[in-house]
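Below: the structure, in structure tokens.
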4 protein chains.
Amino acid sequence: MAVPPTRPVLRDRYDRKQQMVVLQAARVFAARGYDQTSIQDLAEEIGLAAGGLYHYIGSKEQLLIRICDQLMDPLLERARELLAAPAEPEAQLRALAGLWVAHVVEHRDHMLVFQQERHTIERGEQWRGVRSSRKQFERLVEDVLDRLAQAGRLRLADRRLALSALLGMVNHTAQWFRPRGRLRPADVARGYVDLLVD
Amino acid sequence: MAVPPTRPVLRDRYDRKQQMVVLQAARVFAARGYDQTSIQDLAEEIGLAAGGLYHYIGSKEQLLIRICDQLMDPLLERARELLAAPAEPEAQLRALAGLWVAHVVEHRDHMLVFQQERHTIERGEQWRGVRSSRKQFERLVEDVLDRLAQAGRLRLADRRLALSALLGMVNHTAQWFRPRGRLRPADVARGYVDLLVD
Amino acid sequence: MAVPPTRPVLRDRYDRKQQMVVLQAARVFAARGYDQTSIQDLAEEIGLAAGGLYHYIGSKEQLLIRICDQLMDPLLERARELLAAPAEPEAQLRALAGLWVAHVVEHRDHMLVFQQERHTIERGEQWRGVRSSRKQFERLVEDVLDRLAQAGRLRLADRRLALSALLGMVNHTAQWFRPRGRLRPADVARGYVDLLVD
Amino acid sequence: MAVPPTRPVLRDRYDRKQQMVVLQAARVFAARGYDQTSIQDLAEEIGLAAGGLYHYIGSKEQLLIRICDQLMDPLLERARELLAAPAEPEAQLRALAGLWVAHVVEHRDHMLVFQQERHTIERGEQWRGVRSSRKQFERLVEDVLDRLAQAGRLRLADRRLALSALLGMVNHTAQWFRPRGRLRPADVARGYVDLLVD
DNA sequence: TATGAATGAGCCTTCATTCAT
DNA sequence: CATGAATGAAGGCTCATTCAT
């Protein structure tokens with residue numbers, strides 16, 4: 001198991017390195033696939049011996065969980081902050097979509113891994129936290145869409161279908177968006193929202 | 001290697017069983033993941049011994065390829081037929097979305113496997129055929145959207161973004177659609193198109 | 001996991017081979033130690049590839065459990081048979097010691113492994129069965145000693161101490177007895193009982 | 001390698017701590033098994049980091065050797081002292097058994113480790129010293145029994161069997177004796193000798 | 001066709017040990 | 001003295017695949 005050191009200075013260095021490991025792992029898993037990447041492969045890419053990795057990851061599955069947390073936690077936090085403040089539903093949806101698409105684009109690798117391993121996430125006990133985060137986030141999006149519908153601005157009669165459509169569009173963004181491309185994340189987000197809002 | 005029999009009667013029975021094997025494999029892979037499912041797991045679920053499976057699959061990877069073909073081939077064929085006939089772009093888009101969503105829903109497991117193994121499909125030589133099918137299908141959708149745009153009916157200025165949005169929505173459908181739910185595939189397809197068309 | 005075949009003929013061959021594997025494992029473990037013997041070592045000695053062994057053992061620990069069962073089950077059964085029949089306590093003790101020592105000597109390797117791994121046996125849930133067998137056997141010995149004491153023929157006032165002494169002597173036999181030596185098992189058993197009986 | 005300090009004051013503190021380490025290691029090994037206990041486990045139990053342990057142990061195997069020495073050296077020394085003085089064989093046997101059983105009981109953990117690792121001790125070059133101690137001690141016991149037999153007081157015709165019986169009884173004591181129980185070590189020793197002496 | 005024994009490579013993980021700090 | 005990061009070599013086990021029956 002990965003046991004972080006207790007002394008604050010070391011703890012800091014440890015935490016930073018652990019973040020790096022998770023980040024790099026996301027990149028490698030996204031490219032080769034989680035199962036197709038051996039711990040040896042990963043260690044090599046990170047520049048450690050296989051055993052050394054285990055100071056930071058606990059297990060391969062815990063590493064995968066950390067990748068998902070690194071994806072979901074800040075997104076959920078920022079979305080909550082945003083929606084806590086009072087504002088018009090359309091404005092909130094635009095702001096939410098903006099940060100969401102930006103997050104997806106910045107965490108492209110995390111997203112790809114998250115999607116690849118959907119069946120894993122939906123199954124075990126140890127994935128409960130990740131599942132819960134995903135559901136909470138979807139709930140936030142749903143709420144904004146509901147308020148938009150109540151304001152008569154949602155172009156789709158079925159709110160659930162609107163939610164699924166938005167989820168599908170945004171998540172899929174990870175699979176085609178290129179940072180050096182013509183479109184900026186904000187353009188993408190605006191486009192998606194334009195489709196939904198009257 | 002899987003060597004099908006030559007005598008027609010036997011060949012027929014063999015083909016039918018092979019189709020069943022591929023179908024069942026899609027189901028199991030969708031639930032447990034391709035890599036997390038061993039050949040022995042799969043054989044047990046199908047009701048054969050491990051060795052017996054190999055009469056029908058050739059190899060595990062070929063089985064995966066067959067799953068993808070079973071998904072893409074008929075979809076591509078029907079889409080081509082549809083778009084070969086002359087018709088208005090909106091009508092064609094509606095018809096295309098209808099059969100597409102219906103196909104996704106009917107091949108939910110295939111879709112989930114297809115999405116899980118995206119990184120596999122995008123890489124090797126033996127996946128060229130599957131990749132090609134996917135690209136051809138996306139090209140067909142793109143063409144309809146282009147004609148819709150030329151007719152001034154597309155609600156998004158950026159056609160590529162519209163394509164990505166549609167791909168995202170429809171593909172994502174596999175992840176939430178429930179056959180016994182409130183919505184029928186046709187409702188879903190209509191909703192998606194309504195978002196895009198003016 | 002080790003899954004035995006269902007068809008009777010194959011099942012028979014499987015069971016026989018499994019018995020052989022357990023037997024050989026006892027021999028190797030006794031000589032090199034359970035932990036110091038790798039599955040590779042063991043497989044080599046048995047004449048299988050490492051993977052092939054797993055058709056018969058399930059896991060290294062289950063193999064250890066089987067060794068213990070192969071030791072305890074027949075001993076317990078014979079002891080029960082013997083003590084079920086009515087007889088004088090001294091005669092029963094002599095008969096019991098006779099078969100017990102003979103069993104220890106014939107299962108010398110099993111005994112050595114059993115003693116080496118005492119700490120393992122006393123701990124986990126999966127060892128409950130083995131622990132229970134050991135306790136039941138000791139209980140049988142205790143009963144005979146009690147009846148001997150009631151008949152006024154036990155040379156030690158403390159019956160528990162007598163039991164421990166006998167257990168110590170007989171079990172230790174595995175560590176020094178040589179089949180080609182001067183003493184036969186029956187001589188050893190007689191000697192032990194002579195010490196205890198007035 | 002473990003390099004003790006040279007300055008006497010430090011050396012003293014070092015030696016005391018080393019004794020403690022060996023003592024605690026015996027306890028942990030007895031409970032969990034030598035091989036099943038990692039250096040990290042051990043360090044945690046002792047309250048050091050893994051690296052810190054190595055100041056005191058040299059290597060895991062040297063630690064095991066020290067445990068055996070801590071068991072055998074004082075026993076052998078006291079037994080030699082006792083038997084150096086002239087006395088009747090029965091009195092000597094009683095005295096020897098007394099200190100022996102007391103020693104076994106006080107070094108219960110050491111004994112359990114010693115028995116667990118019998119196959120290790122009997123094999124390597126570095127174990128020659130421990131093996132030699134064991135043999136010398138057994139030789140001392142054998143001599144007393146021989147003199148007892150010459151005095152016509154041994155209840156077993158076969159002296160080797162008597163020796164094995166005594167070794168078995170006393171060594172086995174480590175496995176059942178409870179310090180807070182009804183019996184004191186002296187009672188146990190007397191019981192064993194009573195069995196052997198006419 | 002089908003079975004299940006068998007292989008051999010590879011995977012995740014552990015662990016004794018070392019060393020810079 | 002002590003820490004904890006790091007290594008590198010196994011170790012137990014799984015698994016796709018083959019083949020005699």
Side-chain angles (χ1 to χ4, degrees), chain A residues 1-7 9-11 13-14 17 35-43 47-61 63, chain B residues 1 3 5 10 13-14 17 35-43 47-61 63, chain C residues 1-7 9-11 13-14 17 35-43 47-61 63, chain D residues 1 3 5 10 13-14 17 35-43 47-61 63:
Chain A
M1 229 164 294
V3 183
T6 22
R7 285 189 312 193
V9 184
L10 296 180
R11 175 68 200 234
R13 188 168 56 192
Y14 178 91
K17 182 134 191 182
D35 282 297
Q36 281 95 330
T37 306
S38 76
I39 289 286
Q40 297 280 351
D41 292 342
L42 190 58
L48 275 175
L53 215 56
Y54 277 82
H55 274 283
Y56 300 104
I57 66 170
S59 74
K60 200 185 178 191
E61 194 176 20
L63 173 58
Chain B
M1 221 168 302
V3 182
L10 295 181
R13 194 170 58 190
Y14 177 91
K17 181 135 192 180
D35 282 297
Q36 279 100 324
T37 306
S38 74
I39 288 288
Q40 333 256 338
D41 289 343
L42 190 58
L48 279 174
L53 248 193
Y54 274 82
H55 284 284
Y56 300 103
I57 66 171
S59 76
K60 201 186 177 191
E61 194 175 23
L63 174 58
Chain C
M1 228 164 296
V3 183
T6 21
R7 285 189 312 192
V9 184
L10 295 180
R11 175 69 202 233
R13 188 168 55 192
Y14 177 91
K17 183 135 190 182
D35 282 297
Q36 281 95 330
T37 306
S38 76
I39 288 286
Q40 297 280 351
D41 291 342
L42 189 58
L48 275 174
L53 214 56
Y54 278 82
H55 274 284
Y56 300 104
I57 67 171
S59 75
K60 201 185 178 193
E61 193 176 22
L63 173 57
Chain D
M1 222 168 300
V3 183
L10 296 180
R13 195 169 57 190
Y14 177 91
K17 181 133 190 182
D35 282 296
Q36 280 99 326
T37 306
S38 74
I39 288 288
Q40 333 256 339
D41 289 342
L42 190 58
L48 278 174
L53 249 193
Y54 274 81
H55 284 284
Y56 300 104
I57 67 170
S59 78
K60 201 185 177 190
E61 193 175 24
L63 174 58

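The chains referred to below are lettered A, B, ... by the order of the sequence lines, with proteins before strands, and numbering in each begins at 1.
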inquiry  = I'd like to check D/Ile39 versus D/Ile57 (side-chain heavy atoms, cut-off strictly below 4.5 Å). Are they in contact?
reply    = yes

Closest non-hydrogen contact found for D/His55 with D/Tyr14 is O-OH, 2.7 Å

Whole-Å distance, D/Tyr54 OH to E/dC19 P, equals 13 Å

The answer to which of A/Gln36 and C/Arg7 contacts DNA chain E further toward the 5' end, by nearest nucleotide, is C/Arg7

To the nearest angstrom, the CD-C1' distance between D/Glu61 and E/dT17 comes to 14 Å

Quick note, D/Ser38 side chain, CB onward, closest among F/dG4, E/dC12, E/dA16 is E/dA16

Closest heavy-atom pair, C/Gly58 versus C/Ala2, reported as atoms and distance to 0.1 Å, is N-CB, 3.5 Å

Across all chains, not counting sequence neighbours, the side-chain hydrogen bond (donor to acceptor under 3.5 Å, both in side chains) partners of A/Ser38 are A/Asp41

To the nearest angstrom, the NZ-P distance between C/Lys60 and F/dG11 comes to 9 Å

For D/Glu61, the side-chain hydrogen bond (donor to acceptor under 3.5 Å, both in side chains) test, sequence neighbours excluded, returns D/Gln126, D/Trp127

Taking for B/Ile57 and for C/Asp41 the nucleotide of DNA chain F with the nearest heavy atom, the one nearer the 5' end belongs to C/Asp41

Under 3.5 Å, which N/O atoms of the protein pair with N/O atoms of nucleotides 5-8 of chain E?
{"residue": "E/dA5", "atom": "OP2", "partner": "C/His55", "partner atom": "ND1", "Å": "3.4"}
{"residue": "E/dA6", "atom": "OP1", "partner": "C/Lys17", "partner atom": "NZ", "Å": "3.2"}
{"residue": "E/dA6", "atom": "OP2", "partner": "C/Tyr56", "partner atom": "OH", "Å": "2.6"}
{"residue": "E/dA6", "atom": "N7", "partner": "C/His55", "partner atom": "NE2", "Å": "2.6"}
{"residue": "E/dT7", "atom": "OP2", "partner": "C/Ala49", "partner atom": "N", "Å": "2.8"}

Applying side chain to side chain contact (heavy atoms under 4.5 Å, CB included) to D/Ala43 and not counting sequence neighbours gives D/Leu53

Q) For atom P, what is the distance between F/dT21 and E/dT1, given to the nearest Å? A) 22 Å

Listing for DNA chain F: consecutive Watson-Crick or G-U pair runs of at least 3, distance cutoff 3.5 Å, ranges ordered by first number, gives E:2-21 with F:2-21

Name the nucleic acid region contacted by C/Ile39, choosing base, sugar-phosphate or nothing; use a 4.0 angstrom heavy-atom cut-off, strictly under. sugar-phosphate

D/Leu63 CG to E/dT17 P, in whole Å, measures 10 Å

d(B/Asp35 CG, B/Lys60 NZ) to nearest 0.5 Å is 5.5 Å

B/Arg13 meets the side-chain hydrogen bond (donor to acceptor under 3.5 Å, both in side chains) criterion, sequence neighbours left out, with none

- For C/Thr6 and E/dT3, is the shortest distance between a side-chain N/O and OP1 or OP2 below 4.0 Å? no

In whole angstroms, the gap separating P of F/dA10 from CG of C/Asp35 amounts to 17 Å

Shortest non-hydrogen pair, B/Tyr54 vs B/Ser59, comes out as CE2-CA, 4.2 Å

